[in-house]
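Mind looking over this structure? Questions follow.
Remember, it's 1-based here, ligands and their atoms both numbered in the order they're listed.
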Amino acid sequence: MPGFELFGDLERKEVNDVLDNGVLMRYGFDGMRNGHWKSKELETALQDTFQANHVQLVSSGTAAVSVALASAGVGAGDEVIMPCFTFVASFEAIMMLGAIPVLVDIDDTLGLDPEAVKAAITPKTKAIMVVQMCGGMANMSALLAISKTNNLLLVEDACQAIGGTYNGKPLGSIGDLGCFSFDFVKTITCGEGGAVVTNNESYYTNADHYSDHGHDHVGNDRGAETHPFLGYNFRISELHAAVGLAQVKRLPEFIAVQKKNFNIIKEALSEIPEVTFRTVPEGGDESCAFLSFFLPDLEIANKVSSAFKENGVDACFHYFNNNWHYIRKWDHLKDMKSLFPISAEVKNGLKYLETKTFEKSDHYIARNISCLIKLSWTEEEVKARASKMVEVIKSCLS
Ligand SMILES: Cc1ncc(COP(=O)(O)O)c(C=O)c1O
């Protein structure tokens, strides 16, 4: 996810605008800022990009998930159903609110398995949080139907899927609330940053206030503003937003290059009958941030993963053995290792992790390799990489 790869004068110009007037904060200081409101400008640009009525910028993708859930009233003791394949941020953001992450299986989309979601619903369930992993998407029509039938919120963590679509709609704009990350390794970057997107005006107003200590943002005197409810500080700075503003203008160019490179490698790998690709639900169009494929079994996947490294095929992830993205290595969560006391309700709510197994997810993640698609490769480099990947996989299969 390569925003950081193509980085230069445009970003510098936007950042210099901010440095020139010295207002690094997104709110207030109207007289000093010489008309520069980078965060507001970026929010407007993102409304267009994500086809959503409202966008609230925040300090990170993790903050975006927490703010999104809080804005819709998710909190202490509520259960949020989420996949066991994601980044740790997903459960962190839920636990930050005193809510309980209920981890369930994924399917061959690498996203939430709708049947596992149905089986996990209890009277305490408040939300389903789908994570659009590696530029792809889960079976969104099934998940939308489940959330509707059961009157549950559908929150989309689209941090890894900027630029992907489903039935023509940007990923992140399909559920009640969508969350994005603009950290350093995402498709567009602010350095650090995130966004909550929604068409629901009251969720948006809540997100706007909650992410800035509860400030109601009425008038132009911060000290005189009221605080309708408690909030925290999840603000983005103008410097970060300035970088994002330059990046978002280049998103169509980034996605086009990403898709071109992805297709060259996918086509090459398609000639190996033992390689299959992650399922993309009908109507879906991946962002192509990663090429995700399956090998016949764990042993071969282990071999290919090592051989890729030995042969200089970098940035290919075998998540089965990864500490950050799959339940298998999340002992700190299973053992509830927290710096501060966790509530009895959450402790109790997480007990299921002592015994729950994830065979269906193991079946997919053990055999999956996801390769990052970079933008800075020349066409020759992509082709050479594709040939090398084919050669390595074939030798591991023989
Ligand atoms: C799926 C997913 N959700 C949330 C996050 C958190 O984003 P951030 O690093 O901006 O907090 C990430 C970051 O990698 C992610 O991959």
Taking atom CD as the centre, does Glu282 end up with more than 12 heavy-atom neighbours from other residues, nucleotides or ligands that are less than 6.0 angstrom away?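 No, CD of Glu282 has 12 or fewer neighbouring heavy atoms, counting only those of other groups under 6.0 Å.
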
Below a 4.0 angstrom heavy-atom separation, can you tell me which part of Glu192, side chain or backbone, both or neither, approaches ligand 1?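 The answer is neither; Glu192 stays 4.0 Å or more away.
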
Ligand-residue contact atoms, ligand 1 with Val131, heavy atoms, under 4.0 Å: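 Near Val131, meaning under 4.0 Å from one of its heavy atoms, ligand 1 has 1 (C).
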
On a heavy-atom basis, which atom in Tyr326 and which in Cys84 lie closest, and how many Å separate them?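 Here Tyr326 and Cys84 meet closest at CD1-O, 3.3 Å.
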
Would you say Lys309 has more than 12 foreign heavy atoms packed within less than 6.0 Å of its NZ?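 Check fails, neighbour count at 12 or below.
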
Can you confirm if the aromatic rings of Tyr27 and His217 lie within a centre distance of less than 6.0 Å?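 Judged by ring-centre distance (under 6.0 Å), His217 and Tyr27 do meet the cut-off.
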
What atoms in ligand 1 come closer than 4.0 Å to a heavy atom of Asp157?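 The atoms of ligand 1 under 4.0 Å from a heavy atom of Asp157 are 1 (C), 2 (C), 3 (N), 4 (C).
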
Tell me, please: is Lys186 in heavy-atom contact with ligand 1, that is, under 4.0 Å?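 So Lys186 counts as touching ligand 1.
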
Which segment of Ser60 sits under 4.0 Å of ligand 1 when only heavy atoms are counted: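 It is both backbone and side chain that touch ligand 1.
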
Looking at ligand 1, does any of its N/O atoms fall within less than 3.5 Å of an N/O of Met133?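 N/O-N/O distance below 3.5 Å does not exist for this pair.
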
Does the SG-to-SG distance between Cys316 and Cys371 fall under 2.5 Å?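 Yes, Cys316 links to Cys371 through a disulfide.
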
Donor-acceptor contact below 3.5 Å, side chain Ser361 vs main chain Ile106: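 Flag set: sc Ser361 to bb Ile106 pair under 3.5 Å.
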
With heavy atoms of Ala89 as the reference, note each atom of ligand 1 found under 4.0 Å away.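 Those atoms are 4 (C), 5 (C), 6 (C).
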
Between Asn21 (side chain only) and Val23 (backbone N and O only), is there a donor and an acceptor less than 3.5 Å apart?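 Flag set: sc Asn21 to bb Val23 pair under 3.5 Å.
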
Checking contacts here: is it the side chain or the backbone of Thr62 that comes within 4.0 Å of ligand 1, counting heavy atoms only? Could be both or neither.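 The part of Thr62 near ligand 1 is both the backbone and the side chain.
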
Looking only at distance, does Thr86 have an N or O less than 3.5 Å from an N or O of ligand 1?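 N/O-N/O distance below 3.5 Å does not exist for this pair.
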
For Ser90 and ligand 1, does the shortest N/O to N/O distance drop below 3.5 Å?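 Among all N and O atoms of Ser90, none is under 3.5 Å from an N or O of ligand 1.
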
